[in-house]
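Position 1 is the first residue of the sequence, and the numbers go up from there.
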Amino acid sequence: MKAAVVREFGAEDVLRYEDMPDPAPGPGEVLVRVRAAGINRGDLGRRMGTYTAGVQLPFVIGWDIAGTVESLGPGVDGPAPGTRVVALIPHGGYAELAVAPANQTVPLPESVSFEQAAALPVAYLTAWYALKHQGRMQPGETCLVQAAASGVGVGGIQIAKAMGARVFTTASSDEKLALGKRLGADVLINYTTTDFVEVVQKETGGKGVDVVLESVGGEVLTRSVAALAPFGRLISVGNSARSPAPTDLAQLLGKRISLSGFYLLVEKGIDKALTELVELVAAGTVDAVIDRTFPLAQTADAHRHVASRANLGKVLLIP
């Protein structure tokens, strides 16, 4: 099979399009012929060697895949070969074939394309779990989703709206904010020209928002704490700024705020949550927003595009 292989850590050019042996599914696994694979910001850290949990050189990056089942591992009774599926996998998605845990692989209806499905697992599941479970979002509450055009941002805006929230969102350009508006955000904030904390306080009558979905880290996380209402909940799902986030504990204590981190790959029940997301996409309630696709042979260019922060939604690879 062809794959984008990392044999050394470094810049985008370490991604080499080359032949690798076909993988074989083990117990509890299925083999998937990949039709589309998603790129996440964590993939850039894996390539650079700053986020290497669970991998050893050489390896193939990629958590999000959609395609058709090729074969089943020992003891696995489905999905049957030929079934269209989407899966969350530990690694290996940037390839023509990938092994997936059977319990994190779910069938796709014909109405959901491989490209739409490959946009969902990491970003949309992260937003889903963070808002529904850790954030305990309730209808009528307010939610601030940072980074409107990111994968988690586009998922978070829509999921918060589907849960009945009034949604605030931030971005660095009018183009990205226009995407947030199209997805249902109620209050749009260009953080390069406006203080988002001031806007939140004004729009909520000085109360602040009930929930913040935060993926940037650094100063953005610190300021997000200031935007929270009493008993507010902030869920940190990433640190794309790669910066520390000093937080005033007195602020947490005074407003009785909860601040929690989230890591998708240790969650249980992923198959059920992913099935629910696929159903929301099939029903038109959630839009799997795709910025653009790249051929697998151009994976290095795709990483450069994601690193530039120019994307509006998910970037995909097509084997």
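Using a distance-only test at 3.5 Å, with no hydrogens or angles considered, no donor-acceptor pair links the side chain of Gln298 to the main chain of Pro295. Checked by atom type and distance alone, the side chain of Arg233 pairs as donor or acceptor with a backbone atom of Gly135 at under 3.5 Å. Formation of a donor-acceptor pair under 3.5 Å by the Asp291 side chain with backbone atoms of Gly313 is not found in this model. Between the side chain of Ser71 and the main chain of Leu31, no donor-acceptor pair closer than 3.5 Å is present. Remark: side-chain polar atoms of Arg84 are paired, donor with acceptor, to backbone N or O of Pro109 under 3.5 angstrom. Side-chain atoms of Arg47 never come within 3.5 Å of backbone atoms of Phe9 as a donor-acceptor pair (strictly under, hydrogens ignored). When atom types are taken as modelled, the side chain of Glu18 and the backbone of Val5 share no donor-acceptor pair closer than 3.5 angstrom. Without hydrogens or angle criteria, Gln158 side chain to Val286 main chain gives no donor-acceptor distance under 3.5 Å.
Side-chain heavy atoms closer than 4.5 Å link hydrophobic residues (I, L, V, M, F, W, Y) into clusters, and following such links, even through other members, never connects Phe196 to Leu177. Under the 4.5 Å side-chain heavy-atom criterion for ILVMFWY residues, a single connected hydrophobic cluster contains both Leu277 and Met137. Criterion: ILVMFWY side-chain heavy atoms under 4.5 Å apart, direct or through other members. Under it, Val281 and Val152 are part of a common hydrophobic cluster. The hydrophobic cluster containing Ile157 does not contain Leu188, counting ILVMFWY residues as joined when their side-chain heavy atoms lie under 4.5 angstrom apart, directly or transitively. When the side chains of ILVMFWY residues are joined at heavy-atom separations under 4.5 Å, either directly or via intervening members, Leu57 and Met20 end up in a single hydrophobic cluster.
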| After noting the C-alpha distance and the side-chain angles of Arg136 and Asp210, does the key distance pass the salt bridge (charged side-chain N to carboxylate O under 4.0 Å, His left out) rule? | CA-CA 10 Å; Arg136 305 180 303 283; Asp210 299 299; over 6 Å; no
| task | Under the side chain to side chain contact (heavy atoms under 4.5 Å, CB included) rule, what do Tyr94 and Asp43 come out as? Steps first, then yes or no, please. | result | CA-CA 10 Å; Tyr94 295 8; Asp43 296 357; 2.6 Å; yes
| said: Using the rule given for side chain to side chain contact (heavy atoms under 4.5 Å, CB included), can you reason through Thr299 versus Tyr17, listing the C-alpha separation, both sets of side-chain angles and the distance that settles it, and then say yes or no? | reply: CA-CA 8 Å; Thr299 300; Tyr17 183 64; 6.0 Å; no
| query | Is there a side chain to side chain contact (heavy atoms under 4.5 Å, CB included) between Leu108 and Val278 once you walk through the steps? | reply | CA-CA 7 Å; Leu108 288 177; Val278 168; 4.0 Å; yes
| task | Show your working on side chain to side chain contact (heavy atoms under 4.5 Å, CB included) between Asn190 and Lys176 and close with a plain yes or no. | result | CA-CA 9 Å; Asn190 186 323; Lys176 291 180 177 180; over 6 Å; no
| task | Report the C-alpha distance between Arg16 and Glu8 in whole Å, list the side-chain angles of each, state the deciding distance to 0.1 Å, and finish with yes or no for salt bridge (charged side-chain N to carboxylate O under 4.0 Å, His left out). | result | CA-CA 10 Å; Arg16 301 173 185 174; Glu8 60 182 319; 2.8 Å; yes
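No hydrogens or angles considered: a donor-acceptor pair under 3.5 Å links the side chains of Ser224 and Gln146. Between the side chains of Ser260 and Gln134, at least one donor N or O sits under 3.5 Å from an acceptor N or O.
When side chains are defined from C-beta on, Leu120 does not count as touching Asp64, because their heavy atoms never get closer than 4.5 Å. Between Leu221 and Val216, the closest side-chain pair of non-hydrogen atoms is not below 4.5 Å. Using a 4.5 Å heavy-atom cutoff, the side chains of Leu280 and Ile159 are not in contact.
Contact check on Lys2 versus Asp19 returns a salt bridge, with a Lys/Arg side-chain nitrogen under 4.0 Å from an Asp/Glu carboxylate oxygen.
Atom CZ in Arg33 sits 10.0 Å away from atom CE in Met1 (nearest 0.5 Å).
In this structure, Lys181 places its NZ atom where only 12 or fewer heavy-atom neighbours from other residues, nucleotides or ligands lie under 6.0 Å away.
Paired with Lys314 under the rule side chain to side chain contact (heavy atoms under 4.5 Å, CB included), one option of Val306, Thr293, Asn40 passes, and it is Asn40.
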